[in-house]
Structures are given as C-alpha cells and as structure tokens.
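The structure presented is a predicted model; accordingly, all values stated were derived computationally and were not measured. Side chains included, hydrogens not; waters and symmetry mates left out as well; all remaining heavy atoms used.
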Amino acid sequence: MPTAVLTDRERTAVQAYLRLLHTVRAAFDRDGGPPVVPPAVLAEAEQALGEAGLTGNEEAFFRLLESWCPEPGP
C-alpha cells in the first residue's frame, strides 16, 4: 500500500494523535491508581486537528492516518 503525502499540518495532527495514543496506553498500563492523561497532551492533539482542518471529521482523519501509517501485515 502506498503511503500518502501529508501537508505539514496533517503530519503534525497525525503525530499529535500518535503521542496521545501512546500516552493513553501508558496511563492504562501503569500499576495502581486511575489512569491519568496530561491535559496538555489532549490539548495538543485537539489544536493540531483544528489547524489541519480535521476537527469534527474523524472519518477523513482516520483515512489519513491509515494511509500514512498502515498496520503491518501478518
């Protein structure tokens, strides 16, 4: 599958989303206490999505994410 060529803002949005995803996973993997996601990480992702024109358009964002960072095959 060919990868997409992203604009700088789209790339920033994808990278912010991936940082958020890794932060959430790490929060749930910790032992003890409820998971905590720093508000700054969530705010960064929201801002990047807005600047890329992807706010409220999750379908387009996830298509973009999949084309840029496809899941590895079996």
Side-chain angles (χ1 to χ4, degrees):
M1 168 187 255
T3 57
V5 176
L6 281 71
T7 67
D8 288 341
R9 289 181 181 202
E10 290 170 336
R11 186 177 305 105
T12 299
V14 169
Q15 290 170 336
Y17 169 77
L18 292 174
R19 277 192 292 280
L20 175 61
L21 180 63
H22 293 298
T23 301
V24 169
R25 283 183 179 162
F28 277 99
D29 285 346
R30 306 185 303 130
D31 288 335
V36 176
V37 176
V41 177
L42 183 56
E44 175 195 21
E46 289 178 354
Q47 180 179 352
L49 286 171
E51 290 176 1
L54 295 166
T55 300
N57 195 347
E58 292 81 7
E59 185 178 338
F61 174 72
F62 285 111
R63 274 197 313 265
L64 183 72
L65 179 65
E66 182 179 32
S67 69
W68 189 64
C69 186
E71 288 188 33

**Request:** Name all residues meeting the side-chain contact (heavy atoms from CB on, under 4.5 Å) criterion together with Ala60; count only those two or more places apart in sequence or in a different chain, and write none if there are none.
**Result:**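 side-chain contact (heavy atoms from CB on, under 4.5 Å) check on Ala60 returns Leu54, Asn57, Arg63.
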
**Request:** Check side-chain contact (heavy atoms from CB on, under 4.5 Å) between Val24 and all other residues, then give those that pass, not counting sequence neighbours.
**Result:**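 For Val24 the side-chain contact (heavy atoms from CB on, under 4.5 Å) partners, ignoring immediate neighbours, are Leu20, Phe28, Val37.
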
**Request:** May I have all residue pairs that pass ring-ring contact (aromatic ring centres under 6.0 Å, His included) and include part of residues 32-51, sequence neighbours excluded?
**Result:**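 Counting only pairs at least two positions apart or across chains, no ring-ring contact (aromatic ring centres under 6.0 Å, His included) contact touches residues 32-51.
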
**Request:** Would you list the pairs meeting ring-ring contact (aromatic ring centres under 6.0 Å, His included) in which at least one residue belongs to residues 35-66, sequence neighbours left out?
**Result:**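 Sorted result for residues 35-66: Tyr17-Phe61, Tyr17-Phe62.
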
Could you list the donor-acceptor pairs under 3.5 angstrom formed between side-chain atoms of residues 39-53 and any protein atom two or more places apart in sequence or on another chain?
unit_1, atom_1, unit_2, atom_2, d
Glu44, OE1, Arg19, NE, 3.4
Glu44, OE2, Arg19, NE, 3.3
Glu44, OE2, Arg19, NH2, 2.5
Gln47, NE2, Glu51, OE2, 2.9

**Prompt:** Among all residues two or more places apart in sequence or in another chain, which pass the salt bridge (Lys or Arg N to Asp or Glu O under 4.0 Å) test with Asp29?
**Reply:**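 So Asp29 forms no salt bridge (Lys or Arg N to Asp or Glu O under 4.0 Å) with any residue.
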
**Prompt:** Under the salt bridge (Lys or Arg N to Asp or Glu O under 4.0 Å) test, which residues partner Arg11, sequence neighbours left out?
**Reply:**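 Asp8.
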
**Message:** Can you list, by chain and residue number, the hydrophobic cluster partners of Val36 when the side-chain cut-off is 4.5 Å?
**Reply:**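 Its cluster mates, by chain and number: none.
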
**Asked** Has Arg25 got more than 12 heavy atoms of other residues, nucleotides or ligands less than 6.0 Å from its CZ?
**Response**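 No, the 6.0 Å shell around CZ holds no more than 12 heavy atoms from other groups.
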
